[in-house]
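We count residues from 1, following the sequence as given. Since this is a predicted model, take the numbers as computed values, not measurements.
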Amino acid sequence: MMRHWQAPSCLLVLLFALVSSEASTLDDTCRSIGASKKDIGYDYCIKFFQADNASATADRRGLVVIATKITREEAANIRKRIDALKASGTDKKVSGRLSGCRMHYKNALKWLEAAAEGVKSGNLQKAKMNLTGVILGTDTCEERFRELGVVSPLAAEDAEFSKGCSIALAITTML
């Protein structure tokens, strides 16, 4: 028979084991990403997921959904930055490139949502296709500025956004 003082300590041990195993999913996932994607690394992966407290207890499917949520927020913020840049009176060629990038980020919002739905429904091919499309669109946005011979005013944002999408794609590939 269990004594009254034993019940809380057993419950604490069980709770600690549960939290430790769940937290290790994030840790293990970021270690795998860090090993396979040197441009992202373990520390960046952990920092990326700190934007959403639910990542500490999520399984890998949940981590993909969280990653798409974080990157959707980034895409919306980048669209606002593009609008501000365009409003500040950039030259016509740069403004045209910014319009193309804005369209990409508008589409990215839909594709990221579709990727999350694909993961939730078990359609991983759909998720991978959508995430790959988002990453390619970001590359295209940057390429257009290189073609123009100017440094992209979105280079830093595009790089961060692309890393987040790459994290989501890497985890989807692990599923």
query: Within a reach of under 6.0 Å around CD of E147, are more than 12 heavy atoms found that belong to other residues, nucleotides or ligands?
result: yes
- prompt: Between D158 and S152, what is the shortest heavy-atom contact and its length?
  reply: OD2-OG, 4.2 Å
Set of side chain to side chain contact (heavy atoms under 4.5 Å, CB included) partners for A54, sequence neighbours left out: D52, I66
query: So among I135, N130, L136, which one has a side chain to side chain contact (heavy atoms under 4.5 Å, CB included) with T132?
result: L136
task: Indicate if L131 and L124 have the same hydrophobic cluster label, given that clusters are the connected sets of ILVMFWY residues with side-chain heavy-atom separations under 4.5 angstrom.
output: no
- prompt: Transitive ILVMFWY cluster of L109 at side-chain heavy atoms under 4.5 Å: who else is in it?
  reply: none
- prompt: Looking only at heavy atoms, which two atoms of T25 and A58 are closest? And how far apart?
  reply: CG2-O, 3.5 Å
- prompt: Hey, quick one: are V119 and I33 part of the same hydrophobic cluster, counting side-chain heavy atoms closer than 4.5 Å, chains of contacts allowed?
  reply: yes
- line: Applied to residues 29-38, the side-chain hydrogen bond (donor to acceptor under 3.5 Å, both in side chains) test, sequence neighbours excluded, yields D27-R31, T29-R60
query: For the atom pair CG (L63) and SG (C30), what is the distance rounded to the nearest 0.5 Å?
result: 7.5 Å
- request: Sequence neighbours left out, what pairs pass salt bridge (charged side-chain N to carboxylate O under 4.0 Å, His left out) with at least one residue falling in residues 122-139?
  value: none
- prompt: Does Y44 share a hydrophobic cluster with L26, counting links as ILVMFWY side-chain heavy atoms below 4.5 Å and allowing steps through other members?
  reply: yes
- prompt: Going by the ring-ring contact (aromatic ring centres under 6.0 Å, His included) test, which pairs reach into residues 124-151, not counting sequence neighbours?
  reply: none
Reported CZ-to-CE distance for the pair R79 and M103, which is rounded to 0.5 angstrom: 8.5 Å
query: What pairs with S99 under side chain to side chain donor-acceptor pair (under 3.5 Å), at least two apart in sequence or on another chain?
result: K86
message: Going by side chain to side chain donor-acceptor pair (under 3.5 Å), name the residues that satisfy it together with T71, two or more places apart in sequence or in a different chain.
response: none
- request: Please tell me if the side chains of N107 and V134 come closer than 4.5 Å, counting only heavy atoms from C-beta onward.
  value: no
message: Could you go through T68 and C165, starting from their C-alpha distance and side-chain angles, then the distance that decides it, and tell me whether this counts as side-chain contact (heavy atoms from CB on, under 4.5 Å)?
response: CA-CA 7 Å; T68 61; C165 293; over 6 Å; no
message: If I compare all heavy atoms of A168 with all of A67, which pair ends up nearest, and what's the gap?
response: CB-CB, 3.7 Å
- request: Find out if a path of hydrophobic residues (ILVMFWY) with successive side-chain heavy-atom gaps under 4.5 Å connects I167 to V65.
  value: yes
message: Applying side-chain hydrogen bond (donor to acceptor under 3.5 Å, both in side chains) as the test, list every pair that has at least one member in residues 163-175; sequence neighbours left out.
response: none
message: Give me the atom names and distance for the closest heavy-atom approach of I40 to C45.
response: CG2-N, 4.4 Å
Worked check of side-chain contact (heavy atoms from CB on, under 4.5 Å) between R144 and L148: CA-CA 6 Å; R144 298 274 165 92; L148 191 58; over 6 Å; no
Within one Ile-Leu-Val-Met-Phe-Trp-Tyr cluster: M174 and L169, side-chain cutoff 4.5 Å: no
Enclosure of D39 CG (heavy-atom neighbours >12, cutoff 6.0 Å): yes
- prompt: So which pairs with a foot in residues 103-123 pass salt bridge (charged side-chain N to carboxylate O under 4.0 Å, His left out), sequence neighbours left out?
  reply: R72-E113, E117-K120
task: Only counting residues at least two apart or in another chain, list the ones meeting side chain to side chain contact (heavy atoms under 4.5 Å, CB included) with A51.
output: I70
field: Residue list, side chain to side chain donor-acceptor pair (under 3.5 Å) with E74, at least two apart or on another chain
entry: none
task: Please list all pairs passing the ring-ring contact (aromatic ring centres under 6.0 Å, His included) test where one or both residues lie in residues 82-110, with sequence neighbours left out.
output: Y105-F161
- prompt: Going from CG on L154 to CG on L85, what distance comes out if it is rounded to the nearest 0.5 angstrom?
  reply: 6.0 Å
- request: Please round to the nearest 0.5 Å and tell me the distance separating atom CG of L98 and atom CZ of R81.
  value: 9.0 Å
